[in-house]
Structure formats: structure tokens, C-alpha cells
Amino acid sequence: MKNFRHHGNNIPVPAPAGGVLAGEGVVVGSLFGIASGDAAEGATVNIACIGVFELKKTSAQAWTIGAKVYWDAANKVATTTASGNSLIGVAVEQAANPSATGLVRLNGSF
């Protein structure tokens, strides 16, 4: 197909205010992904929008497989709390309460 550009698993975007470190969540409009490297504010950084990632989570939550996972932009963690947060994917493994991280399959956008 002559208009195909790429699969869209990784998207180059400008790094957010304050910059970003590899492995951190990045929000650009309705696009969410995980930074593939460190980048200063405004510099181009590739974000992975599709895949399964181990993300920092709200510690005091127990996750079940298939639970909807949201991004808490204020605290920069994944959470199962929908109110005020944006849907980023689903849990693909149980996570205990308390625990620092959980496995999330990203949707690629909000």
C-alpha cells in the first residue's frame, strides 16, 4: 500500500515540560506512551504506544487480570481509579495491595 508509513507502535513526540526519563509515561494530547530514552523538554523522544510494560502504580490497589488501567498524570502512576484519569490499557497480571508496579497492556491513546 503506497500510503503506509509505519505500524505506529513507536511515535516520535516532543518531550513534555521538565523533560522525561526512559521508561516514564508521556502524555501528548490524547496520545500516551512510554519514553524509549531520556529527553530534555521539547526534544524529540520516541514513545512506545503499544505493548506490555511494567509501570509504577498506586501502591494501595489490588489489580486483577483484565482490569482497566488509567494514567494519573498528577502522580505519574498507573491506577485503576477512573475518576479524573485517562484510560491507557488493561492489567495483564495480578498486582497485590500493596505493590509498587503492575503490568499493563497499552491501548496507544486515551
Side-chain angles (χ1 to χ4, degrees):
M1 176 174 11
K2 69 180 183 177
N3 58 342
F4 179 80
R5 296 295 182 254
H6 58 83
H7 290 282
N9 295 345
N10 298 288
I11 306 288
V13 299
V20 66
L21 299 175
E24 290 184 338
V26 175
V27 176
V28 179
S30 293
L31 187 64
F32 177 83
I34 305 301
S36 62
D38 298 349
E41 180 177 335
T44 299
V45 62
N46 282 317
I47 59 171
C49 298
I50 304 294
V52 176
F53 293 87
E54 183 176 14
L55 300 179
K56 292 179 186 176
K57 68 178 262 302
T58 301
S59 178
Q61 291 179 337
W63 291 5
T64 57
I65 297 171
K68 290 180 180 179
V69 177
Y70 302 83
W71 185 248
D72 176 347
N75 295 305
K76 297 185 179 181
V77 295
T79 179
T80 54
T81 301
S83 180
N85 299 312
S86 300
L87 181 65
I88 62 169
V90 296
V92 294
E93 185 175 275
Q94 289 184 314
N97 171 6
S99 60
T101 62
L103 289 182
V104 179
R105 193 236 182 243
L106 299 181
N107 288 340
S109 65
F110 297 149

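- Under the 4.5 Å side-chain heavy-atom criterion for Ile, Leu, Val, Met, Phe, Trp and Tyr, Val77 and Ile47 are members of distinct hydrophobic clusters.
- Val26 and Ala35 make their closest contact through CG2-CB, 4.0 Å (heavy atoms, listed as atom of the first residue, atom of the second, distance).
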- prompt: Can you list the steps and then say if Lys56 with Asn75 is a side-chain contact (heavy atoms from CB on, under 4.5 Å)?
  reply: CA-CA 10 Å; Lys56 292 179 186 176; Asn75 295 305; over 6 Å; no

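- Listed by chain and residue number, nothing satisfies the side chain to side chain donor-acceptor pair (under 3.5 Å) test with Asn107 (two or more places apart in sequence, or in another chain).
- Cluster membership for Val69 and Ile50, using ILVMFWY side-chain heavy atoms within less than 4.5 angstrom, is not shared.
- Note that NZ of Lys68 and OG1 of Thr80 are 12.0 Å apart. Values are rounded to the nearest 0.5 Å.
- The closest side-chain heavy-atom distance from Phe53 to Arg105 is not below 4.5 Å.
- Side chain of Thr79 to backbone of Thr58: no donor-acceptor contact under 3.5 angstrom is found.
- Residue Leu31 holds its CG atom at 11.5 Å from OG of Ser86, rounded to the nearest 0.5 Å.
- Between Leu55 atom CG and Leu106 atom CG the span is 6.5 Å, to the nearest 0.5 Å.
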Show which side-chain atoms of residues 7-23 pair as donor or acceptor with protein atoms under 3.5 Å away, not counting sequence neighbours.
none

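- In this structure, Tyr70 and Leu87 have side chains that are in contact, with non-hydrogen atoms separated by less than 4.5 Å.
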Side chains of residues 88-103: which donor-acceptor pairs under 3.5 Å do they make with residues two or more places apart or in other chains?
{"from": "Ser99", "atom 1": "OG", "to": "Lys57", "atom 2": "NZ", "distance (Å)": "3.1"}
{"from": "Ser99", "atom 1": "OG", "to": "Ala96", "atom 2": "O", "distance (Å)": "2.6"}
{"from": "Thr101", "atom 1": "OG1", "to": "Glu54", "atom 2": "OE2", "distance (Å)": "2.8"}

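- In terms of heavy-atom proximity, Val45 sits nearest to Ala39 at CB-CB, 3.7 Å.
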